[in-house]
Chemist: 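One structure coming up, written as structure tokens, with questions to follow.
As the structure is a computational prediction, the values presented were derived from the model and not from experiment. In what follows, every heavy atom counts, from backbone to side chain, and hydrogens, waters and symmetry copies are set aside. When a ligand or atom number is given, it counts from 1 through the structure's own listing order.
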Amino acid sequence: MKTYVVTGGAGFIGSNYIHYMFKKYGKEGAIKIINVDKLTYAGNLENLKGLEDCPYYSFVKADICDKDAITKIFEENDIDRVVHFAAESHVDRSIKDPEVFVRTNVLGTANMLNCAKAAWEQADGTYPEGKKFLHVSTDEVYGSLPDDDNAFFYETTKYDPHSPYSASKAGSDMLVKAYMDTYKFPANITNCSNNYGPFQFPEKLIPLIINNALQGKKLPVYGDGKNVRDWLYVEDHAKAIDMVQEKGRLFETYNVGGHNEKQNIQIIEIILETLQEMLSDDDPRKAHVSRDLITYVEDRKGHDRRYAIAPDKIKSEIGWEPETMFKEGIKLTIKWFFENEEWMKNVTSGDYQKYYDDMYSNK
Ligand code: NAD
Ligand code: DAU
């Protein structure tokens, strides 16, 4: 049995990853997952519904910056893998309040590295076979590409972060690189493009547009709406992370991307068209799902123009490729939001804290 510590497993990608892993490896003991999450506004245990009774899944409420709490997890368990998702993840929040991004993303990563190193390092400075720390990072560390279809981010692209969020993620990547170079610490870094899918917090473009359109609220478009992002369905990202752990060469970085570049305004139009297709004629929401809701607003400060990943290395070395076409992924996402209206209500009202209290009060 392999034992995983997953940080940030109550967030969007972390929770999808945990579900993916139990779907792939089963709930019979091939893997054990310890989900370590502070449950900030973005962490929601409702995302892990269905796993509460699985003996191979457990949850520890802890801050990744807390040395004692993280050390205790390593002391009490023989951890094989760390998959490090926990972070402050929203660019707009980082522009308003950068400090917590430095604390969690930089200092929290340093603490995770230190605790894993202390637990894993042998007397001769080597590490037992099979131990691995996977640091989940972002394509935003590479900066911004021009409006030119031929330019892509490669693993060799120079870091050039612009927002406090991407600067803090770049800092965390550099720490992981330093541990690999200095201590031969067994790690990989993945730099992924924009994810979308179930459980995404509605501060991010796609769930925000779906939620607002269904409620007949304005759809805010920053600047001219022509900024480009490379969208990847979240389950494809989860699969990539698993494959990098199993097949990735130690100390390597792998870029993960969807080969699916779209302008923000195109994304909004596709969502509106898909909602129109999927809503039944007698659904009262169908009447207000329209382009009239699109509202151009002030641009994001320092707004990166275009991101585009070249996922050539992960394809040739590991055999990973994006599988979910955007048209299909967006339908799956909208269907999920239709079926989980209560989730959206709870998330937007902060009631998921109540879910946590109800679920875990007697444990
Ligand atoms: P998210 O904001 O949805 O989830 C973050 C999780 O981390 C939450 O559960 C939160 O409670 C937890 N957390 C925050 N601070 C913590 C702390 N101090 N201690 C313990 N837990 C803490 O984020 P996400 O979108 O799921 O992103 C996960 C990771 O993937 C991040 O590292 C992010 O940089 C990276 N990433 C995200 C995307 C994307 O499109 N969302 C793309 C590429 C990379
Ligand atoms: O590229 C990977 C990154 O993708 C991750 O590292 C981040 O954690 C994740 O949040 C995401 O960052 P973005 O800033 O690209 O995502 P966001 O959904 O916030 O915005 C996507 C694009 O849409 C961006 O160009 C800004 C624009 N936008 C966003 C919002 C919330 C709007 O036009 N209107 C909006 O209301």
Chemist: Can you list the ligand 2 atoms lying under 4.0 Å from a non-hydrogen atom of Tyr165?
Modeler: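 That gives atoms 5 (C), 6 (O), 7 (C), 8 (O) of ligand 2.
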
Chemist: Number the atoms of ligand 2 from 1 as they appear, then name those within less than 4.0 Å of a heavy atom of Thr138, with their elements.
Modeler: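 Once the distances to Thr138 are compared, the set is 1 (O), 2 (C), 3 (C), 5 (C), 6 (O).
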
Chemist: Considering non-hydrogen atoms of the protein only, which is the closest contact for atom 25 (O) of ligand 2, and what is the distance?
Modeler: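 Checking every protein heavy atom, the shortest distance to atom 25 (O) of ligand 2 gives His303 NE2, 2.7 Å.
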
Chemist: When you look for protein heavy atoms under 4.0 Å from ligand 1, which residues do they belong to?
Modeler: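 Around ligand 1, where the cutoff is 4.0 Å for heavy atoms, the contacting residues are Gly8, Ala10, Gly11, Phe12, Ile13, Asp37, Lys38, Leu39, Thr40, Ala42, Gly43, Ala62, Asp63, Ile64, Phe85, Ala86, Ala87, Ser89, Thr104, Val136, Ser137, Thr138, Tyr165, Lys169, Cys192, Ser193, Asn194, Asn195.
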
Chemist: Write out the residue and atom name of the closest protein heavy atom to atom 27 (C) of ligand 2, then the distance separating them to 0.1 Å.
Modeler: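 Answer for atom 27 (C) of ligand 2: Asn264 ND2, 3.4 Å.
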
Chemist: Numbering the atoms of ligand 2 from 1, which are under 4.0 Å from a heavy atom of Val221?
Modeler: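 So the answer, numbered in order with elements, is 33 (O).
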
Chemist: Residues two or more places apart in sequence or in another chain: which of them pass side chain to side chain contact (heavy atoms under 4.5 Å, CB included) with Asp63?
Modeler: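 Expected list: Lys38, Cys65, Asp66, Arg103.
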
Chemist: To the nearest 0.5 Å, tell me how far Asn191 CG sits from Glu140 CD.
Modeler: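 Nearest 0.5 Å value for the CG-CD distance: 11.0 Å.
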
Chemist: Can you check whether Val82 reaches Phe74 side chain to side chain, under 4.5 Å on heavy atoms?
Modeler: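 Yes, at least one pair of side-chain atoms sits under 4.5 Å.
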
Chemist: Any luck finding a side-chain donor-acceptor pair between Asp173 and Tyr159 under 3.5 Å?
Modeler: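 There is such a pair between these side chains.
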
Chemist: Is the ring pair Phe153/Tyr307 parallel, tilted or perpendicular, if the boundaries are 30 and 60 degrees?
Modeler: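 It falls in the tilted class, 30° to 60°.
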
Chemist: May I ask you to list the atoms of ligand 2 that are less than 4.0 angstrom from any heavy atom of Tyr307?
Modeler: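 Counting from 1, the qualifying ligand atoms are 1 (O).
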
